[in-house]
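The structure appears below as structure tokens.
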Amino acid sequence: MTSTDAAQLRDQLADALSRARTFTHTEATHRPDGSYVVTRRGATSSGHRKVFDSFEAVVDLFEALPTTFTADDVGRTGLSGSRRHILVWHVLEHPEFSCELRRRQPLTARKV
């Protein structure tokens with residue numbers, strides 16, 4: 001195998017391992033290094049993105065939240081600014097998380 005072929009194969013493997021998924025309000029990417037990135041859909045600023053060590057870290061954060069939670073509750077876990085709202089929207093949209101929208105103002109979700 002040539003070095004060019006090896007580089008192309010490496011890039012193809014990285015693309016295959018990096019899975020992106022688009023939802024209504026958020027986008028999520030599983031990176032090849034195992035990290036999980038939640039982004040506000042269509043945003044270009046890093047202020048609208050949160051990188052987690054893994055998807056399991058998001059699951060753990062969700063499990064630590066109360067049954068009914070707001071962006072303020074998410075903020076108590078260490079997330080700040082608009083990232084709190086992005087995470088609430090993400091767990092509402094992602095099928096892995098069993099919760100539903102209770103109110104838009106303030107943004108409130110409830111585990112089901």
Side-chain angles (χ1 to χ4, degrees):
M1 179 180 289
T2 68
S3 61
T4 302
D5 291 340
Q8 287 176 344
L9 180 59
R10 180 196 63 219
D11 293 343
Q12 290 172 349
L13 286 171
D15 289 344
L17 292 173
S18 179
R19 300 177 319 237
R21 191 164 182 190
T22 301
F23 300 97
T24 303
H25 295 92
T26 63
E27 296 176 355
T29 303
H30 288 271
R31 290 182 176 170
D33 66 0
S35 62
Y36 187 75
V37 183
V38 179
T39 309
R40 182 180 304 270
R41 186 172 174 196
T44 57
S45 164
S46 63
H48 298 284
R49 173 181 58 212
K50 173 61 181 160
V51 179
F52 293 91
D53 291 335
S54 65
F55 181 74
E56 289 74 29
V58 181
V59 172
D60 292 345
L61 188 147
F62 175 75
E63 290 175 355
L65 292 169
T67 303
T68 300
F69 59 94
T70 65
D72 286 341
D73 294 312
V74 173
R76 292 186 191 109
T77 67
L79 287 169
S80 61
S82 65
R83 291 177 184 97
R84 301 171 306 151
H85 292 88
I86 292 167
L87 188 67
V88 174
W89 277 117
H90 187 64
V91 298
L92 282 165
E93 297 174 322
H94 196 291
E96 181 73 21
F97 302 101
S98 182
C99 62
E100 62 187 12
L101 178 66
R102 299 303 287 171
R103 285 190 307 266
R104 289 185 176 270
Q105 290 294 329
L107 182 59
T108 306
R110 183 176 188 281
K111 295 178 183 180
V112 292

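Residues take their numbers from the sequence shown, with the count starting at 1.
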Hphob cluster co-occupancy, F97 + V37, side-chain heavy atoms under 4.5 angstrom: no
Donor-acceptor under 3.5 Å (E93 side chain, H25 main chain): yes
Cluster overlap L61 with V51, hydrophobic side-chain contacts below 4.5 Å: no
Shortest non-hydrogen contact between I86 and R49, atoms and distance: CD1-N, 4.2 Å
Closest non-hydrogen atom pair, R104 against W89: NH1-CH2, 3.3 Å
Centroid-centroid under 6.0 Å between F55 and H94 rings: yes
E56 and Y36: CA distance, side-chain angles, deciding distance, side-chain contact (heavy atoms from CB on, under 4.5 Å) verdict: CA-CA 9 Å; E56 289 74 29; Y36 187 75; over 6 Å; no
Short side-chain donor-acceptor distance under 3.5 Å, T70 and D72: no
With H48, the side chain to side chain donor-acceptor pair (under 3.5 Å) member among E27, H85, R40: R40
Nearest heavy-atom neighbours spanning S98 and F62: O-CZ, 3.9 Å
Inter-residue atom distance T108.OG1 - R103.CZ, 0.5 Å rounding: 4.0 Å
Separation between NZ of K50 and OG1 of T26, rounded to the nearest 0.5 Å: 15.5 Å
H90/F52 aromatic ring centres below 6.0 Å: no
A109 versus V88, closest heavy-atom pair with distance: CB-CG1, 4.3 Å
Spacing of CG belonging to L79 relative to CG belonging to D73, to within rounding of 0.5 Å: 12.0 Å
Gap between atom CG of D60 and atom OG1 of T77 - 0.5 Å precision: 11.5 Å
Steps toward side-chain contact (heavy atoms from CB on, under 4.5 Å) verdict (K111, L65): CA-CA 9 Å; K111 295 178 183 180; L65 292 169; 4.2 Å; yes
For the student: nearest non-hydrogen atoms of P95 and R21, plus distance: CG-NH2, 3.6 Å
Separation between CZ of F23 and OG1 of T39, rounded to the nearest 0.5 Å: 11.5 Å
